[in-house]
Each structure stands twice: as structure tokens, then as C-alpha cells.
Amino acid sequence: QNLNVLKQSYPRDFSPANNLAVIVSRLGRYAQAVDEAQEARRRNPAHPFPYSNLAYAYRGLNRYDEAVQVAEEAVTLGIATGPTRRLLYQLARLQGDTTASERYLEQARDTPREFDLMGARAQALAHDGRLGAARELYARTMEMARLRNLSEVASGYGAERALTEALFGDVDAARALAEAVLADGASSVVRLRMAVVLALTGQPDAAETIVGEEAARRPRATLLQGVYVPVARAAIALGRGNPDGAIENLRAAAPYQLGAVAALVPIYLRAEAYRAQGDGEAAAVEYQMIL
């Protein structure tokens, strides 16, 4: 509401529309994000952020060609951000363009945000089942982020790796990583992500302690209370063999489940809960939504 007032009051300022694009993308309202990012770019066509946000919004709508076009425009103008280049790499992978994906990796080499592309490549390797190579790259990504004093970025990649290990079924590795991330002074968001890992690897009580602390600490934080907390509570319910409870907890996350923050995790956990109930048909609907 405040950003809309600001946008109307200062028609030459790009930042309100740009910030709106970020917020609604996090909520999963990608069509609105396209409109806001386009308005931000109209107001300031020389700034990199509107291009990045517009490209990500197009990706959210599965409009990959338009996402590539906007991101490449930023590259041509010499204003592409690290996340913009990461998106280009991811889209090239999604579209099976090996030549382009390798080119984007090479362009990022020895740049300040090289770890962005390294982390994206770790994700892709894990997707391909090359877990050993993914582990190595995740470790290098975290180290590079720490060398730039970006400890929160490093812990975010650590959280991602821990969840990857949990989903691949390596319980011991996932649990050890989660505990290491938690011991490193992680943020509220990362702590809640690690609660999911602990819940899925046989430690629902420890996960519940984390969720209780973080939920009480920030009671009015929309995405924390609407995504991270219910997702963690759903994972705890699954960890305790209570799929009904998992489905009930995920109701709060449903409005945001397609957003950039939720990253489809609520849908996946709901599918797992249906599968645990023996309802393969309902689980298939959720898995198909992810695809």
C-alpha cells in the first residue's frame, strides 16, 4: 500500500515499482510482477534491477524466451547483475542449451559474484544425480561467499545443500550439515529451513524447538509466518508420521506456494503427505503442478 502511494506521488522514481515487483514475485503474483518491473524499467531504463526482476517474473510465468530476451538485453547494455547471469544459466539448462550454459559460466569466471553461478551449477548437478560433484561445488560456493564477507549467503547455500542431502536420502550428511549451519549463527529464515531438514531426518523435536522460537520472534512477518513456519511444521508432522497434520499446516502456505520464496516446497511436502496417506491420485496432482 505504501509503495503504491509512493509510486503515484513520485512518477519519475523507479524504485517503488521495482520494489513492488520484488514483493509480488515473492508472493507468486508473477503477472503483476511483470507489470511493475516494466514500469520500473520505463522510469529508469539504465538501471539493472528492473531488467533482472522482469526476467525473473517472466520465468515465473514459464515465459522462458521473453525472460532470456530481457536478461540478454541487460547483458548487451553492460548492466547485467549476478542474479541476471545466474538466471540465464538456469534457463539455458532448462532449455537444454549446453553451449549457452557453458558460455554463461565462463562469463562469470573471476567476477565478484562468481559464486552465484557456481551455486546454480551445483543445483543443476544435483538435479542430474551427480551428487559428488554437487557437494564439491556447494562447498566452494560457500567458501567464496565467506571470502567476500557474505556469511548469510554462505549459510543459505549450506541450507540448500543440507536439504538436497535430505531429499536424496543421506540422513547423516543432511543432519550434520544442518547442525553446522545452525551453529554458524544462521538467520531466522535459514534456521527454519534447517528445521525442515531436521524434521525430515528423524529429529522433529529439535525442529519444533526452532520453529517455536522463530514463530514467536517475528509474529507479523508475512513470508515467515505464511511460508517458512507452516512448511517447517508440515515437515515436523511428516517426520512424526502425521500426514493429516502436514496437509493442515500447509493450508497457510497455499496462497504463496508458487512464489519465489516458497520455491514449490509446500507443494512437494503436500504431495509427500498425500502419498503417505496412500492417495496416489492426489499426490500426482501436486507433483504435476511442480513440473
Side-chain angles (χ1 to χ4, degrees), residues 1-4 7 15-40 49-64 66-67 70-71 81 83-84 86-87 90-91 94 116 119-120 123 127 152-153 156-157 159-160 163-164 167 187-197 211 214-215 218-235 246-273 285-291:
Q1 190 177 36
N2 288 330
L3 285 169
N4 275 312
K7 187 172 72 170
S15 59
N18 184 72
N19 290 339
L20 280 165
V22 172
I23 289 171
V24 296
S25 280
R26 289 175 176 170
L27 300 175
R29 287 151 39 187
Y30 296 112
Q32 184 184 352
V34 166
D35 292 341
E36 298 293 353
Q38 286 177 332
E39 176 62 14
F49 291 172
Y51 292 87
S52 179
N53 291 326
L54 180 56
Y56 274 91
Y58 278 137
R59 186 186 69 170
L61 293 171
N62 293 333
R63 292 161 63 176
Y64 294 164
E66 289 161 283
V70 170
T81 64
T84 301
R86 180 178 63 214
L87 178 63
Q90 290 169 329
L91 289 167
L94 282 166
D116 267 328
Q123 290 176 325
H127 172 271
E152 225 173 289
V153 172
Y157 278 113
E160 192 173 285
L163 183 58
T164 299
L167 295 177
S187 66
S188 293
V189 165
V190 171
R191 278 171 55 81
L192 286 164
R193 291 172 69 190
M194 292 305 85
V196 172
V197 173
V211 175
E214 297 302 336
R218 297 173 62 191
R220 297 182 63 199
T222 302
L223 292 169
L224 193 106
Q225 300 291 347
V227 177
Y228 293 111
V229 167
V231 163
R233 285 179 172 153
I247 292 166
E248 182 60 34
N249 275 296
L250 289 169
R251 293 188 196 282
Y256 315 112
Q257 65 186 14
L258 297 177
V261 165
L264 308 178
V265 174
I267 306 172
Y268 176 78
L269 290 181
R270 190 181 298 110
E272 291 290 282
V285 170
E286 303 295 325
Y287 292 130
Q288 187 60 50
M289 190 186 305
I290 293 172
L291 295 176

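FYI, the numbering just counts along the sequence from 1. Since this is a predicted model, take the numbers as computed values, not measurements.
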Trace of the salt bridge (Lys or Arg N to Asp or Glu O under 4.0 Å) decision for Glu39 with Lys7: CA-CA 10 Å; Glu39 176 62 14; Lys7 187 172 72 170; over 6 Å; no
query: Checking side chain to side chain contact (heavy atoms under 4.5 Å, CB included) for the pair Arg59/Leu87: CA distance, chi angles, key distance, verdict?
result: CA-CA 9 Å; Arg59 186 186 69 170; Leu87 178 63; 3.3 Å; yes
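Between Leu91 and Tyr58 the shortest side-chain heavy-atom distance does not fall below 4.5 Å.
Atom CD of Gln288 and atom CD1 of Ile267 lie 11.5 Å apart (nearest 0.5 Å). Here the OG-CZ distance, from Ser187 to Arg193, works out to 8.5 Å after rounding to the nearest 0.5 Å. To the nearest 0.5 Å, atoms CD (Glu36) and CG (Leu54) are separated by 11.5 Å. Atoms CG and CZ, from Leu223 and Arg218 in turn, are 9.0 Å apart once rounded to the nearest 0.5 Å.
Using a distance-only test at 3.5 Å, with no hydrogens or angles considered, no donor-acceptor pair links the side chain of Glu214 to the main chain of Leu224. Although no hydrogens or angles enter the test, the distance criterion places a donor-acceptor pair under 3.5 Å between the side chain of Gln225 and the main chain of Ala215. Looking at Tyr30, its side chain never comes within 3.5 Å of a backbone N or O of Tyr56 through a donor-acceptor pair.
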Side-chain donor/acceptor pairs under 3.5 Å, residues 251-265, sequence neighbours excluded:
| unit_1 | atom_1 | unit_2 | atom_2 | d |
| --- | --- | --- | --- | --- |
| Arg251 | NE | Glu248 | OE1 | 2.8 |
| Gln257 | OE1 | Arg270 | NH1 | 3.0 |
| Gln257 | OE1 | Arg270 | NH2 | 3.0 |

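Residues Leu192 and Ala232 approach most closely at O-CB, 4.0 Å, considering heavy atoms. Between Pro83 and Ser52, the shortest heavy-atom contact is CB-OG, 4.3 Å. Shortest non-hydrogen contact noted between Ala67 and Ala55 is CB-O, 3.4 Å. Across every non-hydrogen atom of Ala271 and Tyr287, the tightest pair is CB-CE2, 3.4 Å. Annotation for Ile23 and Leu3: closest pair CD1-CD1, 3.6 Å, computed over non-hydrogen atoms.
Contacts of Glu66 classified as salt bridge (Lys or Arg N to Asp or Glu O under 4.0 Å), with partners at least two apart in sequence or in another chain: Arg63. By the side-chain hydrogen bond (donor to acceptor under 3.5 Å, both in side chains) test, Asn249 pairs with no residue at all, sequence neighbours left out. Partners of Glu272 by salt bridge (Lys or Arg N to Asp or Glu O under 4.0 Å), not counting sequence neighbours, listed by chain and number: Arg275. Applying the side-chain hydrogen bond (donor to acceptor under 3.5 Å, both in side chains) criterion to Tyr228, with sequence neighbours excluded, gives no partner residue.
Each of Asn18, Thr84, Thr81 was checked for a side chain to side chain donor-acceptor pair (under 3.5 Å) with Asn53, and the lone residue meeting it is Asn18.
Annotation: salt bridge (charged side-chain N to carboxylate O under 4.0 Å, His left out) contacts involving residues 219-233, sequence neighbours excluded, are absent.
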